[in-house]
Amino acid sequence: MKNIILLGLTILFIGCNQKDQIKKAYSYPIVPSKPTAETYFDTTITDEYRNLENLKDELVDDWFKKEALFTDSILNTISGREGLIQKMKSYDQRKTALAWSVKVTENDQYFFLKQKADENVPRLFYRKSFDSEDELLFDAKDFKPRSGNTYIINYIQPSWDGSYIALAMSHSGAEISEMAIIDMKTRKILPQIISHCWPSDGGGVSWLPDNSGFMYLHYPEIDHTSDRFLKDMKSVLYKIGDNPEDLNVIFSRETHPDLGIAPEDFPIASLISKNDNYLIGYIGGATAYGDAYFAEVKDLHLQSKIQWKPLYKKEDKVDKVIFEGDDIIFTSAKNSPQFQLLETTMANLNIDKAAVLSNQKQDEVIRTFGLTSDGIYYSTINNGVQGKLYNIKDGFEKEIKLPRISGRLNFWTKGKDFSDLWISSAGWKNEYIRYQYDSKTNTFSEANLVPKANYPEFDDLIVKEALVTAHDGEKIPLSIIHKKDIQLNGEIPTLLLGYGSYGISYRPFFSATRLTWVDEGGIFCIAHVRGGGEKGDQWYQNGKKTKKPNTWKDLISCTEYMINEGYTSNSKTVIHGGSAGGILIGRAMTERPDLFAVAIPEVGMMNPLRNENTPNGPNNTKEFGISKDPVECKALIEMDAYLHIEKGVKYPATFITTGMNDPRVIAWQPGKFAAKLQAYNGSDKPILFDVDYESGHGIGDSKLKEFEQLANVYSFAFWQTGHTDYQPK
């Protein structure tokens, strides 16, 4: 399962055939503790495992490897784990294929990723039109086959006319990519390979209007453990056939020092539409809003430095922008926490005095919008779980009746010169369906690129959308999914999933593999805690920095609701979250260790006070705070789960994960949390640290690895909540 080659490694572990002893005793791998005391304003903190931050230390690396083998040795004893993987595979086999990242050019050519049921990674396909046959364009196994790496395509973007397509690939979960360009005349990859890029997370690729090249974000340092990683990025203009190493930088801290771009900022230059007169230069990062600038497209052809001018500030809370000639249409949460749709002119640019195209709606948050020849379309979401679609034309607004109730609604257009509009719709138990909209007849027709699968076992599942009263009286949306005929006896294993950062919403998604939890007799819940965007900008702001405690207190309230309503009990509850959701899980379990049977932080941010000392940390200070500010430092200490672990407290069974190639949350954060929790825990419940040397943040993994990782989570949780089919052999 993990490619770790270790010779002469001995782990003291109670024999797996001694079931009672497994439950009572764990001989965890020993890691030296080298405490470091540090004073933050009026608070002195002793960091017991500061030494684990040096991942290049041989003793530290050896401990991570021992933890990996130790955890595997226990997971492999859980009787139902392999069966769970096989069930996930069987669900997946019902799909003839899965298609995503669908890109439609202005002349109706289709480019998309497709993965057949018997394939572990996706391939790139092409259709001349929607009704044409699929043509295989590229298989990532043909990229550097002698390297020994399994590359996965993680991003595609065709040129406006479909004459070229850029595709990015990475391996081992690292995400930092290499980008190739296919010439559609020859169907061959051009010899120039662009390295030091991450288009799937760095603003993507913006093709020039004449299809001669594109803009992308260049990363000078690609070693995710280096202090220079995610520093001094720069937007580059690349022309087809040029040497990728000769960087033509158009937007960066070095080229535009007057703009106040910080080393950790993401200066992303993009062209939204082929016919736009203006480029956008956006200062991106790990937070919902940023500063933006504009320049004229014609300036790209000048030899002199591009002149970027202010477009809006982060205080304007602008979410999305589209140009329409010399007008700018945008959404903003400033003075309207559920967002307004606004318009102003570039000739007399004034964000504060923009005309209102659509006011914020009660209980609906505007998510996104697009232009067609039939006007403006925009979508909204209610409590993060019910989508709606609207059209504005000639000053009149109407709601578009959707083909079915949609929990998750996405849509795409080709631009203001075309009438084309596609949507995708999904729910917690309803598979994704892609539709094309006909504005003349006001009807939708299915436009799937692959056949739908059938999951009759999910037809009778009950989905309940509850509102839970929080500690301060706020109403928290809670999605509850379970089988039809459950008995409310407090004995049902219940998993609560949550996140709560960056204004990101947990919108309904369909995942047969995730629903195996329900199929095996559990209840699956999604807690839409503050810090996300489910109820708009204020919902986001009330779970940020000094208000971060609302995030984990909301999860605690949702858990108490499930117990009080008779669904489950504290011996049957599981909390689960990843990445920034590690704050949510870590602080819920350290504040209320009595409330949960199991806690599962995956690749989690577990030591926020030290986060700014990680490569990805400085950018995240915009979201969580900075230790040099006395108020924000106090907030960081409060949200730091690692610092809140206390000796002798009986903590729930905990399953902690990390990927050693993770470019987002460095491995020592979950590592320090695991080491301290194993040493301090007062209960006999297991604290497992799952270390994967062939993965990163869980993004870009193969299908089989995703099944294995989720099976680890579910089987551990079922084991610790007493499911009879998931006990040690």
Scan side-chain atoms only and decide if His697 and Ser579 contain a donor-acceptor pair under the 3.5 Å cut-off.
-> yes

#### Entry: Lys/Arg N to Asp/Glu carboxylate O, Lys334 vs Asp537, below 4.0 Å
no

Taking the inter-plane angle between the rings of Phe294 and Tyr278 on a 0 to 90° scale, is it parallel (under 30°), tilted (30 to 60°) or perpendicular (over 60°)?
perpendicular

| query | Is it true that Asp108 and Arg127 make a salt bridge, defined as a side-chain N closer than 4.0 Å to a carboxylate O? | reply | no

Anything under 30° is parallel, anything over 60° is perpendicular, the rest tilted; go ahead and classify Tyr219 against Phe266. perpendicular

If only side-chain N and O atoms count, and only distance matters, is there a donor-acceptor pair under 3.5 Å linking Glu534 with Asn383? no

Quiz item: So, Asp374 and Tyr437: side-chain donor and acceptor under 3.5 Å apart, yes or no?
Solution: no

Worksheet item: Side chains of Thr344 and Asp327: is there a donor and an acceptor less than 3.5 Å apart?
Response: no

Can you tell me if Trp207 uses its side chain to pair, donor with acceptor, with the backbone of Gln157 under 3.5 Å? yes

Q. Under the salt bridge (Lys or Arg N to Asp or Glu O under 4.0 Å) criterion, do Glu106 and Lys414 qualify, and how do the steps go?
A. CA-CA 6 Å; Glu106 59 184 13; Lys414 286 167 57 177; over 6 Å; no

Parallel, tilted or perpendicular: rings of Phe524 and Phe509 (30°, 60°): perpendicular

Practice prompt. Check the surroundings of atom CD in Gln362: do more than 12 heavy atoms from other residues, nucleotides or ligands lie under 6.0 Å from it?
Written response: no

Query raised in the report: Where do Tyr502 and Phe624 land on the ring pair (Phe, Tyr, Trp, His ring centres under 6.0 Å) test, with the steps shown first?
Result: CA-CA 9 Å; Tyr502 310 115; Phe624 302 110; 5.7 Å; yes

Next on the checklist: Quiz question: by atom type and distance under 3.5 Å, do the side chains of Trp428 and Glu465 form a donor-acceptor pair?
Outcome noted: yes

- Item | Heavy-atom check, side chain of Tyr499 versus side chain of Leu584, under 4.5 Å | no

For Phe510, the ring-ring contact (aromatic ring centres under 6.0 Å, His included) test, sequence neighbours excluded, returns Tyr455

Tyr390 meets the ring-ring contact (aromatic ring centres under 6.0 Å, His included) criterion, sequence neighbours left out, with Tyr378

Taken in chain and number order and not counting sequence neighbours, the residues that satisfy ring-ring contact (aromatic ring centres under 6.0 Å, His included) with Trp160 are none

Is there a side-chain contact between Phe251 and Leu259 (heavy atoms, below 4.5 Å)?
-> yes

Taken in chain and number order and not counting sequence neighbours, the residues that satisfy side-chain hydrogen bond (donor to acceptor under 3.5 Å, both in side chains) with Tyr126 are Gln109

When rounded to the nearest 0.5 Å, the distance separating OG of Ser101 from CZ of Phe111 is 13.5 Å

* Asked: Would you find a donor on one side and an acceptor on the other, under 3.5 Å apart, between the side chain of Asn391 and the backbone of Ile376?
  -> yes

Under 3.5 Å: donor-acceptor pair, side chain of Lys553, backbone of Lys548 = no

query: Does a side-chain heavy-atom distance below 4.5 Å link Thr494 with Val574?
result: no

Rounded to the nearest 0.5 Å, the CD1 atom of Ile585 sits from the CD atom of Glu602 at a distance of 10.0 Å

- Cut-off 3.5 Å, side chains only: do Lys320 and Thr368 have a donor facing an acceptor? yes

Answer yes if the side chains of Thr380 and Glu364 hold a donor-acceptor pair under 3.5 Å, and no otherwise.
yes

Geometric cation-pi criterion Lys309 and Tyr293, 6.0 Å radius, 45° cone | no

In this structure, OH of Tyr312 is separated from CD1 of Ile351 (nearest 0.5 Å) by 8.5 Å

- So do Ile322 and Phe330 actually touch side chain to side chain, heavy atoms under 4.5 Å? no

- Query: Side chains of Ile152 and Pro122: closer than 4.5 Å at any heavy-atom pair?
  - Reply: yes

Taken in chain and number order and not counting sequence neighbours, the residues that satisfy salt bridge (charged side-chain N to carboxylate O under 4.0 Å, His left out) with Lys361 are Glu397

Applying side-chain hydrogen bond (donor to acceptor under 3.5 Å, both in side chains) to Thr413 and not counting sequence neighbours gives none

- prompt: Where does the angle between the aromatic ring planes of Phe339 and Tyr289 fall among parallel (under 30°), tilted (30 to 60°) and perpendicular (over 60°)?
  reply: tilted

Expected list for residues 420-427: side-chain donor-acceptor pairs under 3.5 angstrom, two or more places apart:
from	atom 1	to	atom 2	distance (Å)
Ser425	OG	Arg404	NE	3.2
Ser425	OG	Ser406	OG	3.1

Is there a side-chain contact between Trp198 and Leu230, using heavy atoms and a 4.5 Å cut-off? yes

>> Salt bridge or not between Glu431 and Lys95? Use side-chain N to carboxylate O under 4.0 Å.
In response: no

task: Taking the side chain as every heavy atom from C-beta outward, state whether Val518 and Ile523 have any pair of such atoms under 4.5 Å apart.
output: no

Separation between CG (Leu124) and NZ (Lys103), nearest 0.5 Å, reads 11.5 Å

Next on the checklist: Under 3.5 Å, is there a donor on one side chain and an acceptor on the other for Ser557 and His471?
Outcome noted: no

Those residues at least two apart in sequence (or on a different chain) that pass side-chain hydrogen bond (donor to acceptor under 3.5 Å, both in side chains) with Asn454 are none

Between Arg507 and Asn410, do the side chains contain a donor N or O and an acceptor N or O under 3.5 Å apart? yes

Determine whether Val104 and Trp412 make a side-chain contact, defined as any pair of heavy atoms from C-beta on separated by less than 4.5 Å.
no

**Q.** Donor-acceptor contact present, side-chain Asn619 to main-chain Glu264, <3.5 Å
**A.** yes

Between Ser170 and Asn154, a side-chain donor and acceptor under 3.5 Å = yes

Requested in this report: Tell me, with the steps shown, if Lys545 and Glu632 meet salt bridge (Lys or Arg N to Asp or Glu O under 4.0 Å).
Outcome: CA-CA 7 Å; Lys545 291 189 176 180; Glu632 293 186 355; 3.1 Å; yes

Asp265 meets the salt bridge (charged side-chain N to carboxylate O under 4.0 Å, His left out) criterion, sequence neighbours left out, with Lys622

Value for CD1 (Ile283) from CG (Asp291), rounded to nearest 0.5 Å, stands at 6.5 Å

Would you find a donor on one side and an acceptor on the other, under 3.5 Å apart, between the side chain of Asp472 and the backbone of Glu474?
yes

Residues passing the side-chain hydrogen bond (donor to acceptor under 3.5 Å, both in side chains) test with Thr516, sequence neighbours excluded, are none

Applying salt bridge (charged side-chain N to carboxylate O under 4.0 Å, His left out) to Glu623 and not counting sequence neighbours gives none

- Item | Asp417 side chain to Asn275 side chain, donor-acceptor N/O pair below 3.5 angstrom | yes

Value for CD1 (Ile272) from OG (Ser206), rounded to nearest 0.5 Å, stands at 8.5 Å

Applying salt bridge (charged side-chain N to carboxylate O under 4.0 Å, His left out) to Glu446 and not counting sequence neighbours gives Lys452

